[in-house]
Q: 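Once you've had a glance at the structure underneath, I'll fire off some questions.
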Amino acid sequence: MTAAITARRYYPETDITLIRKEEKALIPCGIPYIFGTLDSAEKNLIPDQILTNNNINLVIDSVSSINRDTKSVATASGKNFDYDRLVLATGSYPLIPPISGVDLNNVYAVKKDLEYLKDLSAKLDSSKDVVVIGGGFIGLEFADEFMKRGNLNVTIIELLSHCLLLACDEGICKLVEKKLTERGVNIMSGTKAKAILGKNNAEYVELEKGEKIKADTVILGIGVRPNVDLALDCGLAADKKEGIQVDDFMRTTDQNIFAIGDCAKKRCYLSGLPKGVWLASMGTTEARIAGANLFNVRRRSDCAIGIFSTCFGDLAIGSAGLTESAAKEMGMDVVTGEAVAPDKHPGSLPGAQELGIKLIFEKDTGLLIGGQIYGGASVGEKINFIGALIQHKMRADEVCTFQMGTHPLLTASPIAYQLINAAQLAIMKLGK
Ligand SMILES: Cc1cc2nc3c(=O)[nH]c(=O)nc-3n(C[C@H](O)[C@H](O)[C@H](O)COP(=O)(O)OP(=O)(O)OC[C@H]3O[C@@H](n4cnc5c(N)ncnc54)[C@H](O)[C@@H]3O)c2cc1C
């Protein structure tokens, strides 16, 4: 949708057609909230009016093949569409773990499919014990929303020593685990799900050490794989794990075909190595670049920083760029600065909440390479700001002297401003 709307802005005279399988498009990031906060899947739809308002033809069909010689696509219903430029935004598939029992009834992957999710919601009404396999941000969001239904015992099984460990350092992971435990979720980390047991329906999840956890419903939330089927079939360079190869202009190995979003390969902004940043925020950035570049190259894509945030009750957290542990694993020498203060000043103001920021800098250069944050609702935008500092290659001394605006009801005090103080503390460690 974002690519089509951007293309309309830059190329007002062009015919633009969007071909989509689903009759109705879900807001993917809103899927967990269907099961608790929103109380129905219909409240989580993207209105197609956005397309009609922008004079974009919407076709509900499935593209079955791409013919690059005739520059046309064929659909499952037998139609053909010619193109001058084609944008692949085929998304991703949920990853299914290679364990027995994943095909039993009552085992659900996280699919962006309205009817499938409605079926899951109905199943939850008659369930008592739910097991979520995978403690990444999507698994945790599902678990927290399930608790809001009031009828469920919810257990998360996470392979790593902590939930969220691929996105955050241990400190924030522990804060989140504590909050979810207080909200009633049972967290079992450092544990591998070995099999799902049952005759027709799932009944238990068996762990590696033999323990069995009761389960009427099992959710598989272990990640995604890019959907590169059409790209591979028509001979574009693509990898089933990493995605469709694209240049900085979002063009595939065919100059007339672009790829964006979860299906397109991403590279880490520091190492340049392939990195799985499957986020709507990244996808729409790429869509804006591709939409602008269709007939004239205008924009270049930066490598992926990976900026995300989430929230459980009154605890919001965010992460941008590399974690301290990931940077060290990569062989980097880093220093960190951490600062905590109330998010209003004075801290005695109603609604004031503790807000903590951790910044990670490369030791040799002082370059900001990552940041993490916890606190209240302002975390969502603050982590975006940290992401912008990383994208613009700011050093600790520059972060430390950046000019901010503060207000008692809206921010920390200028004296205790966490971002600046975290940078200042890191500078002291850098010895500069
Ligand atoms: C539960 C959940 C929560 C998330 N939360 C967040 C969040 O908070 N923030 C964030 O940034 N990201 C989040 N994400 C990730 C985000 O949803 C994805 O990165 C984003 O949806 C990718 O967008 P996309 O357009 O590339 O692919 P998709 O959203 O997967 O869309 C691809 C579309 O292409 C269609 N399609 C595929 N093949 C064909 C074909 N052959 N013919 C026709 N149509 C086809 C699909 O049916 C689908 O409609 C979340 C994901 C999930 C599942």
Q: Are the charged groups of K112 and D262 less than 4.0 angstrom apart, N to O?
A: yes
Q: Under 4.0 Å between a Lys/Arg side-chain N and an Asp/Glu carboxylate O for K266 and E286?
A: yes
Q: Calculate, to the nearest 0.5 Å, the distance between atoms CG and SG belonging to L140 and C173 respectively.
A: 9.0 Å
Q: What class does the angle between the rings of F295 and Y11 fall in, given that below 30° is parallel, 30 to 60° is tilted and above 60° is perpendicular?
A: perpendicular
Q: Are K194 and E208 ion-paired here, with the side-chain N under 4.0 Å from a carboxylate O?
A: no
Q: Does any donor atom in the side chain of E354 or Y374 lie under 3.5 Å from an acceptor atom in the other side chain?
A: yes
Q: Given the rule in the salt bridge (Lys or Arg N to Asp or Glu O under 4.0 Å) test, do D113 and K21 qualify, once you have shown the distances and angles that lead to the verdict?
A: CA-CA 10 Å; D113 176 322; K21 279 185 195 170; over 6 Å; no
Q: Give the minimum heavy-atom separation between I16 and A4, together with the two atoms involved.
A: CD1-O, 3.8 Å
Q: Considering all heavy atoms of both residues, which atom of I307 and which atom of I383 are nearest to each other, and what is their separation?
A: CG2-O, 3.8 Å
Q: Once the angle between the rings of F402 and F385 is folded into 0 to 90°, is it parallel (under 30°), tilted (30 to 60°) or perpendicular (over 60°)?
A: tilted
Q: Would you say the side-chain atoms of E398 pair up with the backbone N or O of R395, donor to acceptor, closer than 3.5 Å?
A: yes
Q: Taking the cut-offs as 6.0 angstrom to the six-membered ring centre and 45 degrees off its axis, would you call K111 and Y116 a cation-pi pair?
A: yes
Q: Are R183 and D144 ion-paired here, with the side-chain N under 4.0 Å from a carboxylate O?
A: yes
